[in-house]
S.K.: 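One structure, pasted below without further comment.
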Amino acid sequence: MNWILLVIGGLFEVGFASCLGKAKETTGTVSALWMCGFFVCLTISMFLLYKATQTLPIGTAYAVWTGIGAVGTVIVGIFIFKEPADFWRVFFITTLIASIIGLKFVSN
């Protein structure tokens, strides 16, 4: 169950990073709304990380949480913010995904 909470927390990390990107692109009330989304996603993400670390090792949980956030944010960047998707960027994201899966298999 805590692995599921950790994955959901990582997805909310993608949400708060994406909200920051959208807030940067906008101004005024729209920017403030994206910042509200940032704080909501941040709070949920941190709470779920906290819950997951009650039974999972902190080092593993944090690495997986940040890895999910990093991979998800790069994917959102490529598809939403039109960031480049060159070979090396995709290669290293793939190695990060493999590392996250590896941590899951070697952890209790």
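What you see below is based on every heavy atom in this structure, not just the backbone, and it leaves out hydrogens, waters and symmetry mates.
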S.K.: Answer yes or no: is there a side-chain heavy-atom contact under 4.5 Å between K51 and L6?
M.R.: no
S.K.: In terms of heavy-atom contacts, does CZ of F79 have more than 12 from other residues, nucleotides or ligands at under 6.0 Å?
M.R.: no
S.K.: Do you know the tightest heavy-atom contact between A61 and L56?
M.R.: CB-CB, 4.3 Å
S.K.: If you round to the nearest 0.5 Å, how far is CG of L48 from CD1 of I8?
M.R.: 6.5 Å
S.K.: So which heavy atom on P84 is nearest to which on I78, and how close?
M.R.: O-CG1, 3.8 Å
S.K.: Please check if F92 and I101 belong to a single hydrophobic cluster, counting links between Ile, Leu, Val, Met, Phe, Trp and Tyr side chain heavy atoms closer than 4.5 Å.
M.R.: no
S.K.: Establish whether I75 and V64 are linked, either directly or via other cluster members, by ILVMFWY side-chain heavy-atom contacts under 4.5 Å.
M.R.: yes
S.K.: As an exercise, state the distance from OG1 of T55 to CG of N2, rounded to the nearest 0.5 Å.
M.R.: 3.0 Å
S.K.: Could you tell me whether the side chain of L49 reaches within less than 4.5 Å of the side chain of S45, counting heavy atoms only?
M.R.: no
S.K.: Are W3 and M46 connected into the same hydrophobic cluster when the rule is that any two of I, L, V, M, F, W, Y join if their side-chain heavy atoms are below 4.5 Å apart?
M.R.: yes
S.K.: Any heavy-atom pair between the side chains of C19 and M35 that's under 4.5 Å?
M.R.: no
S.K.: Are the side chains of I68 and E13 in touch, meaning some heavy atoms are under 4.5 Å apart?
M.R.: no
S.K.: Output yes when a side-chain donor or acceptor of S31 lies under 3.5 Å from a complementary backbone atom of A23, and no otherwise.
M.R.: yes
S.K.: Roughly how far apart are T43 OG1 and F12 CZ, rounded to 0.5 Å?
M.R.: 10.5 Å
S.K.: Kindly work out whether a path of hydrophobic side-chain contacts (I/L/V/M/F/W/Y, heavy atoms less than 4.5 Å apart) joins L20 to V74.
M.R.: yes
S.K.: Please say yes or no: joined through hydrophobic side-chain contacts below 4.5 Å, possibly via intermediate residues, are L11 and Y50 part of one cluster?
M.R.: no
S.K.: Quick one: pull up CZ in F105 and CD1 in I100 and give me the separation to the nearest 0.5 Å.
M.R.: 13.0 Å
S.K.: What's the shortest heavy-atom distance between L96 and G67, and which atoms?
M.R.: CD2-O, 4.2 Å
S.K.: Could you report the tightest heavy-atom contact between S18 and V76, atom names first, then the distance?
M.R.: OG-CG1, 3.3 Å
S.K.: Go through F16 and I44 one step at a time and tell me if the side chain to side chain contact (heavy atoms under 4.5 Å, CB included) criterion holds.
M.R.: CA-CA 10 Å; F16 75 71; I44 294 169; over 6 Å; no
S.K.: Within the supplied structure, the quantity of interest is the number of heavy atoms (other residues, nucleotides, ligands) at a distance under 6.0 Å from F81 CZ; does it exceed 12?
M.R.: yes
S.K.: Do V7 and W65 have side chains that approach each other closer than 4.5 Å (heavy atoms only, starting at C-beta)?
M.R.: no
S.K.: Distance check, rounded to the nearest 0.5 Å: E83 atom CD versus T73 atom OG1?
M.R.: 9.5 Å
